2 protein chains.
Amino acid sequence: MIEYSGQPHYLVAVDCIVFGFDGEHLKVLLVKRGLEPEINKWSLIGGFVGPDETPDDAANRVLKKNTGLTGIYLEQLQIYGEPTRDPIERTLSVGYFALIDINKYQTQINDDFHAEWFLINERPKLIFDHDTMIADARKKLRYKAALHPILFEMLPKKFTIPQLHILFEEVNDTKIDTRNFSRKITSTGLLEKLEEKDRLGSKKGAFYFKLDKKKYHANFQKFLNLLPNEKS
Amino acid sequence: MIEYSGQPHYLVAVDCIVFGFDGEHLKVLLVKRGLEPEINKWSLIGGFVGPDETPDDAANRVLKKNTGLTGIYLEQLQIYGEPTRDPIERTLSVGYFALIDINKYQTQINDDFHAEWFLINERPKLIFDHDTMIADARKKLRYKAALHPILFEMLPKKFTIPQLHILFEEVNDTKIDTRNFSRKITSTGLLEKLEEKDRLGSKKGAFYFKLDKKKYHANFQKFLNLLPNEKS
DNA sequence: CCAAAAGTGTTTCATTTACACCCATGA
DNA sequence: TCATGGGTGTAAATGAAACACTTTTGG
């Protein structure tokens, strides 16, 4: 029988950076690690890739297990392969970032799986290279969000432009003119204005919008220009 | 001793899609596979990840071995992890795409390592999922080339705007107005005009330019708009 | 002198920015 | 009525696209 004799074998894992938005701040979902080493320390949601699944499958599986959610927006970040990144045994990890609506399944998340949301800038120190992963994920989130309408994935079905505006500012850590922002967003043609207004945020109230899913998916690869251009 | 008992271990490989440009067409570098299975079939340049190297290290190593070149532009594409993608044994492969100046080391490539350049659209059928990898790499190359000046990596130190123009058309499989193109490229401020002209391509001759490396690296993350916008 | 490619000029149109100002409403 | 955020109007600046036209030079 043919074999790749003598080649080394490694463990392969996935780790997911799960982003959420509470209406004010960007958050990340962390879990208390359940196995040695570093048991009970905070870490990203992850797990080993099983024999009959792809890394994508594994990421979806661990996400479902830890959040109860399926069909989450999930994107491969990169592979993390430093030989000594896991002190016990060489493990390569495929990093993913996921965007979810934090309101949607908050109960399940916290009660069933001992996961917890942290403000992105006030999180505990994480195991291994997970802090690097989060930094990389934030960078990629910014990059993609400037060109593609992915941030909608973090909002509820009904949302207002001011909510979206705060989210954009939060992700990009910058101030954006509200007036131009609302025009830019609506001019993408991806939003459907609803009758209803949100009256909690202000006296005047802000109209709710929902995503036009068809146009969203059809235009996903197009380059949008969702951020103000830097002046040099 | 602590261990991740019972978790499966896999082989981990890298595969590189190496792009080059011969002045007219986009090409890809392939090698005749030297081990079973599928020995002597054409495949991407690849190899297993060694115990003391990261996947990035491994990619650079196999590139050096097969091209003689170091310092090649290299970017991680994604992981390929279908359980049965390698019929002998489960192997996950990290895909990379590389951009090189085809003129630079053509001799070494062909004589020392039995690698060969193929027109991207007239290549032999490749082993495993390597055709999928090439398709993905082309897509990503287009995406990045529309926003960042990476195509310069495929040209010699001195190049003309018409050469660059052909390369852009080739990569994007589209016609681009030469007049607007040259203005767009020069307006990035990344090019330095040289005294010398290339007189081979035309009677009038086209000025050579070279990259301003400092500005190139400083502006690499900025979003440029290097392609004409589609009209809808 | 002519053909052919390089590259500049110019007009038109679209997008982006900056910011004045109006709107709606709860307290 | 007034403070507060939501949202529209608008003018100026910038950028992109279309395309006429000039330049250069080998044959």
Side-chain angles (χ1 to χ4, degrees), chain A residues 23-24 145-147 149 155 158-170 172 174-210 219 222-232, chain B residues 23-24 145-147 149 155 158-170 172 174-210 219 222-232:
Chain A
E24 292 188 62
L147 299 167
L155 290 174
K158 288 188 315 186
F159 54 87
T160 66
I161 306 267
Q163 280 168 14
L164 192 55
H165 177 247
I166 295 169
L167 176 53
F168 265 84
E169 290 194 334
E170 186 70 10
N172 293 286
T174 183
K175 285 284 164 199
I176 301 171
D177 185 286
T178 53
R179 300 162 292 186
N180 290 332
F181 178 80
S182 72
R183 237 171 323 201
K184 216 173 216 182
I185 289 293
T186 50
S187 77
T188 61
L190 300 175
L191 298 190
E192 243 177 281
K193 193 178 194 166
L194 304 180
E195 300 292 312
E196 199 186 350
K197 270 188 169 186
D198 164 45
R199 307 208 158 272
L200 298 170
S202 71
K203 292 165 185 173
K204 181 177 179 181
F207 279 105
Y208 279 117
F209 288 79
K210 66 170 189 168
N219 290 298
K222 241 203 240 168
F223 292 127
L224 303 176
N225 180 10
L226 299 170
L227 281 181
N229 301 327
E230 274 174 43
K231 301 276 162 174
S232 54
Chain B
E24 292 188 64
L147 299 168
L155 290 174
K158 290 188 312 186
F159 54 86
T160 66
I161 307 266
Q163 280 167 15
L164 192 56
H165 176 246
I166 294 169
L167 176 52
F168 265 83
E169 289 194 334
E170 186 70 11
N172 293 286
T174 182
K175 286 285 163 198
I176 301 171
D177 185 285
T178 53
R179 301 159 293 185
N180 290 332
F181 178 80
S182 72
R183 239 171 325 204
K184 215 172 216 183
I185 289 294
T186 50
S187 76
T188 61
L190 300 174
L191 298 191
E192 241 176 281
K193 193 179 195 166
L194 303 179
E195 299 292 311
E196 198 187 350
K197 271 189 168 184
D198 164 46
R199 307 208 156 273
L200 298 171
S202 71
K203 292 165 185 174
K204 181 176 178 182
F207 278 105
Y208 279 117
F209 287 79
K210 65 170 190 170
N219 290 298
K222 239 201 242 170
F223 293 127
L224 303 175
N225 180 9
L226 299 171
L227 281 181
N229 302 326
E230 273 173 45
K231 301 277 163 174
S232 53

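Numbers restart at 1 for each chain; the letters A, B, ... are given by sequence-line order, proteins then strands. As the structure is a prediction and not an experimental result, all values here were calculated from the model.
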Quiz item: Got more than 12 heavy atoms from elsewhere within 6.0 Å of NZ, B:Lys210?
Solution: no

Quiz item: Given atom CD1 of B:Ile176 and atom P of D:dA17, what is their separation to the nearest angstrom?
Solution: 10 Å

Self-check item: Minimum-distance nucleotide to B:Lys184 side chain [options: C:dA3, D:dG6, D:dA16]
Solution: D:dA16

Quiz item: For the side chain of A:Lys203, counting heavy atoms from C-beta on, which of C:dT25, C:dG7, D:dC19 is nearest?
Solution: C:dT25

Practice problem: Indicate, with a heavy-atom threshold strictly under 4.0 Å, whether A:Gly205 touches base, sugar-phosphate, or nothing. | Solution: sugar-phosphate

Quiz item: Once you round it to whole Å, what is the distance between P of C:dA6 and CZ of B:Phe209?
Solution: 12 Å

Exercise. Please report the closest heavy-atom contact between A:Thr160 and A:Ala206, naming both atoms and the distance.
Key: CG2-O, 3.6 Å

Exercise. Check step by step if side chain to side chain contact (heavy atoms under 4.5 Å, CB included) holds for A:Phe209 and A:Thr186.
Key: CA-CA 10 Å; A:Phe209 288 79; A:Thr186 50; 4.3 Å; yes

Quiz item: Which of residues 186-193 of chain B sit near DNA chain C, with a heavy atom under 4.0 Å from it?
Solution: none

Enumerate the protein-to-nucleotides 10-13 of chain C contacts in which both atoms are nitrogen or oxygen and the separation is below 3.5 Å.
residue, atom, partner, partner atom, Å
C:dT10, O4, B:Arg183, NH1, 3.2

Quiz prompt | D:dG6 phosphate, OP1 or OP2, under 4.0 Å from A:Lys197 side-chain N/O | solution = no

Self-check item: Value in whole Å for how far the P atom of D:dA18 lies from CG of B:Asp177
Solution: 8 Å

Quiz item: Does the side chain of A:Asn225 get closer than 4.0 angstrom to OP1 or OP2 of C:dT15 through an N or O atom?
Solution: no

Quiz item: Given atom CZ of B:Phe181 and atom C1' of D:dC19, what is their separation to the nearest angstrom?
Solution: 18 Å

Practice problem: Could you tell me the separation between the CZ atom of A:Arg199 and the P atom of D:dG6, rounded to a whole number of Å? | Solution: 12 Å

Self-check item: Between P of C:dG7 and CG of B:Asp198, the distance in whole Å
Solution: 10 Å

Practice problem: Can you see which heavy atom on B:Asp198 is nearest to which on B:Leu200, and at what distance? | Solution: OD1-N, 3.1 Å

Quiz item: Is there a donor on the side chain of B:Lys204 or the base of C:dA6 sitting less than 3.5 Å from an acceptor on the other?
Solution: yes

Quiz item: Closer than 4.0 Å, any side-chain N/O of A:Arg179 to the OP1 or OP2 of D:dG6?
Solution: no

Self-check item: Evaluation steps, side chain to side chain contact (heavy atoms under 4.5 Å, CB included), between A:Phe223 and B:Asn225
Solution: CA-CA 10 Å; A:Phe223 292 127; B:Asn225 180 9; over 6 Å; no

Quiz item: In whole angstroms, how far is the C1' atom of C:dT16 from the CD1 atom of A:Ile185?
Solution: 14 Å

Quiz item: What pair of heavy atoms forms the shortest contact from B:Gln163 to B:Lys158, and how long is it?
Solution: OE1-O, 4.5 Å

Quiz prompt | Shortest side-chain distance from B:Ala206, nucleotide among C:dA6, C:dT25, C:dT8 | solution = C:dA6

Quiz prompt | Among B:Lys197, B:Glu195, B:Glu196, side chain to side chain contact (heavy atoms under 4.5 Å, CB included) partner for B:Phe207 | solution = B:Lys197

Quiz item: When you look at A:Ile185 and A:Leu226, which way does the side chain to side chain contact (heavy atoms under 4.5 Å, CB included) test go after all the steps?
Solution: CA-CA 7 Å; A:Ile185 289 293; A:Leu226 299 170; 4.2 Å; yes

Quiz item: Is the backbone N or O of A:Ile176 less than 3.5 Å from a side-chain atom of A:His165, with the two atoms forming a donor-acceptor pair by type?
Solution: yes

Practice problem: Start with the C-alpha distance between A:Ile161 and A:Leu191, add both sets of side-chain angles, then the distance that settles side chain to side chain contact (heavy atoms under 4.5 Å, CB included), and finish with yes or no. | Solution: CA-CA 10 Å; A:Ile161 306 267; A:Leu191 298 190; 3.9 Å; yes

Quiz prompt | Whole-Å distance separating the CD atom of A:Gln163 from the P atom of D:dG6 | solution = 10 Å

